[in-house]
Amino acid sequence: MSISKNLIQIKSILPEHVTLVAVSKTKPVNDLMEAYNAGQRIFGENKIQEMADKYDTMPKDIAWHMIGHVQRNKVKYMAPFVDLIHGVDNFKLLEEINKQAQKHDRVIDCLLQIKIASEDSKFGLSPIEASEILQSEAFSALKNIRITGVMGMATFTDNETQIETEFKLLKSTFDNLKDIHTDNTAFTTISMGMSGDYKLAIQCGSTMVRVGSSIFGLRNY
Ligand SMILES: *Cc1c(COP(=O)(O)O)cnc(C)c1O
């Protein structure tokens, strides 16, 4: 199957309230352009330098999402253009994003990454840590960032019951955080689901899926 056919097929089964992020990490610009020409405008990358290089060469009506783990010293390279940062897992990172956003006179949208998987290798805040951030005075002083929801990655396993339990944890965490977040009108996004589990994620309340290999094919690292 071609990239454009894969994309059209996936879009045809997504409910209207679910946003598709085409995860294009490691893929060449030609592949991204094929998706672009089929109508895709949101791309997800997990390395800041690679995303910045693609941003430079591609059309400017693309929304670039950073879906990977973010190192604080690299935030400056994406601050001028990034549309949404999915993987915010500590307060110091939020402060740095705020500082760099201010330099460009922007407000940068961010998701709090919640650790829902049982694997130690996955990053993320506990639900309690996330609520503490949203209720802190230090957070309310950050005027150049906006928290628009949560992101999570399920455990890498074939056990669907476990994945479902983890997705439901992210959904309930989102509901709780929305209740305590004072400025929650834009708090609308639950980023969960990848190629192998996005249908289950949507059943569990996902509003944004991050799909790579089902669109672009397997990645060669
Ligand atoms: C690579 C990646 C994806 C996409 O994975 P696929 O299985 O190829 O769909 C989604 N989310 C994150 C955070 C990723 O790093």
Side-chain angles (χ1 to χ4, degrees), residues 1-14 18-28 31-32 34-35 38 40 42-52 54 62-71 74-75 78 82-90 93 109-125 130 148-160 162-164 166-167 169-171 173-174 189-221:
M1 284 259 272
S2 70
I3 290 168
S4 54
K5 280 190 183 143
N6 292 339
L7 191 60
I8 289 161
Q9 202 271 327
I10 290 169
K11 278 190 167 169
S12 72
I13 59 173
L14 288 189
V18 177
T19 302
L20 174 63
V21 179
V23 175
S24 48
K25 61 190 184 196
T26 79
K27 296 295 175 182
D31 287 6
L32 279 70
E34 188 175 339
Q40 184 64 23
I42 305 176
F43 292 87
E45 292 281 337
N46 72 340
K47 295 213 164 64
I48 292 173
Q49 190 57 57
E50 183 177 345
M51 182 170 77
K54 287 171 173 171
I62 292 173
W64 292 97
H65 287 199
M66 175 41 56
I67 63 168
H69 188 64
V70 178
Q71 286 171 281
K74 292 190 177 156
V75 170
M78 64 175 165
V82 68
D83 185 68
L84 179 63
I85 302 175
H86 289 234
V88 175
D89 64 353
N90 66 80
L93 176 58
D109 286 348
C110 300
L111 305 178
L112 295 179
Q113 181 167 358
I114 309 294
K115 184 172 164 28
I116 54 173
S118 55
E119 298 152 312
D120 285 340
S121 57
K122 299 260 159 76
F123 294 99
L125 296 157
T148 58
V150 295
M151 179 269 211
M153 286 173 89
T155 302
F156 187 70
T157 173
D158 290 334
N159 183 343
E160 282 224 358
Q162 182 178 358
I163 297 174
E164 187 175 344
E166 293 174 358
F167 283 159
L169 171 63
L170 188 60
K171 164 72 168 130
T173 301
F174 170 84
T189 299
I190 304 176
S191 167
M192 65 179 183
M194 323 194 336
S195 291
D197 55 22
Y198 71 90
K199 290 172 194 161
L200 179 59
I202 291 167
Q203 285 170 25
C204 296
S206 172
T207 69
M208 185 176 278
V209 293
R210 309 177 307 267
V211 180
S213 45
S214 290
I215 298 172
F216 295 105
L218 293 176
R219 289 175 292 273
N220 305 306
Y221 288 99

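Just so you know, ligand 1 is whichever comes first in the structure, and atom 1 is the first atom listed for that ligand.
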Could you list which atoms of ligand 1 come closer than 4.0 Å to a heavy atom of [X]?
X: Met153; value: 13 (C)
X: Arg210; value: 4 (C), 9 (O), 10 (C), 11 (N), 12 (C), 13 (C)
X: Val211; value: 9 (O)

4.0 Å heavy-atom contact, His86 with ligand 1: no
Donor-acceptor under 3.5 Å (Thr157 side chain, Asn159 main chain): yes
Heavy-atom nearest neighbour of atom 12 (C) of ligand 1 within options Ile67, Val23, Thr26: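 Selected option, by shortest heavy-atom distance: Ile67.
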Point-to-point distance, once rounded to the nearest 0.5 Å, from CD of Glu50 to CE of Met66: 8.5 Å
Gap between atom NZ of Lys11 and atom CG of Asn6 - 0.5 Å precision: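 So the gap between those two atoms works out to 12.5 Å.
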Nearest atoms (heavy-atom pairs only) where Val75 meets Leu93: CG2-CD1, 3.8 Å
N or O pair under 3.5 Å between Ser195 and ligand 1: yes
Side chains of Gln162 and Ser118, donor plus acceptor under 3.5 Å: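 Yes - a donor-acceptor pair under 3.5 Å links their side chains.
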